There are 2 protein chains.
Amino acid sequence: MLKYQRIAEDIEHYIVHNRLKQGDKLPVLEELRRKYEVSKSTITKALELLEMKGIIYQVRGSGIFVRRHKRKGYINLDENQGFRSGLDEFQLTSEVLKLEVMNPSEEVMTNLSISAEEEVYYVKRLRFIHGQRLCIEESYYKKSVVPFLNEQIVSESIFNYLKEGLKLEIGFSDNFFHIGKLTKTEANLLALRTGDPGMYYESVYHLTNGEAFDYSKLVYNFQEAQFYLQINSLS
Amino acid sequence: MLKYQRIAEDIEHYIVHNRLKQGDKLPVLEELRRKYEVSKSTITKALELLEMKGIIYQVRGSGIFVRRHKRKGYINLDENQGFRSGLDEFQLTSEVLKLEVMNPSEEVMTNLSISAEEEVYYVKRLRFIHGQRLCIEESYYKKSVVPFLNEQIVSESIFNYLKEGLKLEIGFSDNFFHIGKLTKTEANLLALRTGDPGMYYESVYHLTNGEAFDYSKLVYNFQEAQFYLQINSLS
DNA sequence: CAGTGGTCTAGACCACGGC
DNA sequence: CCGTGGTCTAGACCACTGG
């Protein structure tokens with residue numbers, strides 16, 4: 001593990017452990033530099049990481065402050081699935097509806113940039129949060145990247161398996177969503193009524209080398225799904 | 001303007017101007033360094049910025065590549081309002097329903113971290129996209145930060161005024177949303193039916209010094225609203 | 001004007017990809 | 001093995017905040 005990652009982690013732990021609140025001041029840069037015995041740039045890099053994660057903000061001429069404006073019960077879109085699995089705080093379980101190897105449809109071919117010959121795993125799950133129906137999930141994984149899946153893996157956290165088991169390095173994702181009315185089939189699965197509100201969410205996940213390996217389509221239950229998102233300015 | 005910002009902008013223009021596509025390779029780091037006559041770290045910083053913005057991705061041992069998986073007609077949540085105003089591509093107009101100075105409600109006090117005495121501007125607008133009703137927006141601006149607003153400013157892009165006119169430096173925002181059914185009042189404004197799907201979106205915008213200055217509540221029309229979001233891994 | 005964070009440099013060394 | 005991006009250092013200088 002790299003120095004700046006270790007330092008970032010340490011500072012994050014420090015914030016959590018000391019129950020620091022929004023706006024609380026952290027030690028100044030020079031002090032951190034002395035504490036960790038690294039160069040200024042390394043500390044800067046660590047703080048930059050924490051800033052991107054929405055954990056702190058830095059004010060020139062003033063100091064480094066804690067950013068903590070989350071609301072309880074909201075799912076963080078950034079750490080959804082592929083990234084920092086912040087869903088641990090939620091009791092998330094799954095019922096596997098389908099698991100098979102297949103050839104991709106046009107839609108899947110487009111989103112994963114593959115040909116009709118390349119096989120994919122198809123996984124359809126019903127996901128529960130605190131025992132309530134949260135969403136229907138249909139995922140397609142490139143078989144060349146994810147060579148094996150079974151009922152057990154798929155009934156737990158797939159992304160955890162991809163990262164811990166297969167050591168896949170996930171780089172970035174493209175996400176699209178809109179609101180609509182549930183079809184009869186969708187409503188049945190979510191124990192709602194036809195025409196009730198639903199959020200339709202699509203993701204394409206890429207490895208660090210840019211290769212797309214997962215295309216997922218989700219339909220969220222309007223009664224259970226609430227999200228939050230921290231955005232930085234990036235001048 | 002800083003060196004690394006200027007370089008990042010230049011590279012972005014280069015990508016757009018040469019119509020580079022997803023996966024196209026950019027010149028290698030050393031070449032860019034020579035071209036711009038700066039140190040390696042400065043180029044790295046510029047590329048990091050572009051990476052965060054979702055414009056490129058870098059692969060160690062391989063190169064720098066263009067990332068361009070947007071879908072047309074989707075609103076980018078990152079560059080919504082406060083940030084890179086990418087809404088220019090959409091024909092966005094507003095009808096002002098209300099504009100007044102008032103004392104904050106409990107809800108506004110909490111979200112802006114202010115007391116009951118501190119006055120705020122209240123703006124209610126109906127926003128149109130390509131002439132269609134996109135959303136109802138209710139915004140509260142701290143009067144101490146935004147001392148003046150009038151009908152004309154408010155009928156155009158408020159954030160543009162805040163940045164260009166007032167020279168406010170926006171640092172980050174916290175965003176929350178969920179799905180629900182429209183009330184009668186909401187449905188009337190959006191020309192939909194009571195009980196139709198809607199997306200309820202709340203934002204709190206902060207200056208670079210961490211001070212919250214805008215709390216906004218939006219209700220999106222399910223027929224017009226579709227969003228995208230690029231997420232990076234941030235190990 | 002002292003304190004604090006931000007930019008930039010030059011250069012050493014490391015880690016990964018692909019031939 | 002070589003080319004490529006990533007980390008890290010030490011230090012100079014700059015820009016903003018707040019008393």
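Just so we're on the same page: letters track the sequence lines, and every chain starts at 1. What you see is a predicted model; the values in this text were computed from it and never measured.
Look at Tyr4(A) and you'll find a side-chain N or O under 4.0 angstrom from OP1 or OP2 of dT7(D). Between Gln58(A) and the phosphate of dG6(C), there is a side-chain N or O to OP1/OP2 separation shorter than 4.0 Å. Under 4.0 angstrom from either OP1 or OP2 of dT9(D) there lies at least one side-chain N or O belonging to Ser39(A). For dT9(D), one of the phosphate oxygens OP1 or OP2 lies less than 4.0 angstrom from a side-chain nitrogen or oxygen of Thr42(A). For Lys45(B) and dG6(C), the shortest distance from a side-chain N or O to OP1 or OP2 is not below 4.0 Å.
When distances are taken from the side chain of Ile64(B) to each of dG5(D), dC8(D), dT4(C), the shortest belongs to dG5(D). Distances were taken from every side-chain heavy atom of Arg60(A) (C-beta onward) to each of dT4(D), dC8(C), dC14(D); the shortest belongs to dC14(D).
Comparing Gln5(B) and Val59(B) by the nucleotide of DNA chain C that holds the closest heavy atom to each, the one mapping nearer the 5' end is Gln5(B).
Using a 4.0 Å heavy-atom distance criterion, Leu47(A) is classed as making no nucleic acid contact. Looking at heavy-atom distances under 4.0 Å, Ser41(B) makes contact with a base.
For the pair Gln226(B)/Ile75(B), no side-chain contact is recorded, criterion being any heavy-atom separation below 4.5 Å from C-beta on.
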What's the verdict on salt bridge (charged side-chain N to carboxylate O under 4.0 Å, His left out) for Asp24(B) and Arg68(B), showing C-alpha distance, side-chain angles and the deciding distance? CA-CA 10 Å; Asp24(B) 282 356; Arg68(B) 243 194 185 178; over 6 Å; no
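Taking 3.5 Å as the limit, the base of dG6(D) and the side chain of Lys40(B) contain a donor-acceptor pair of atoms between them.
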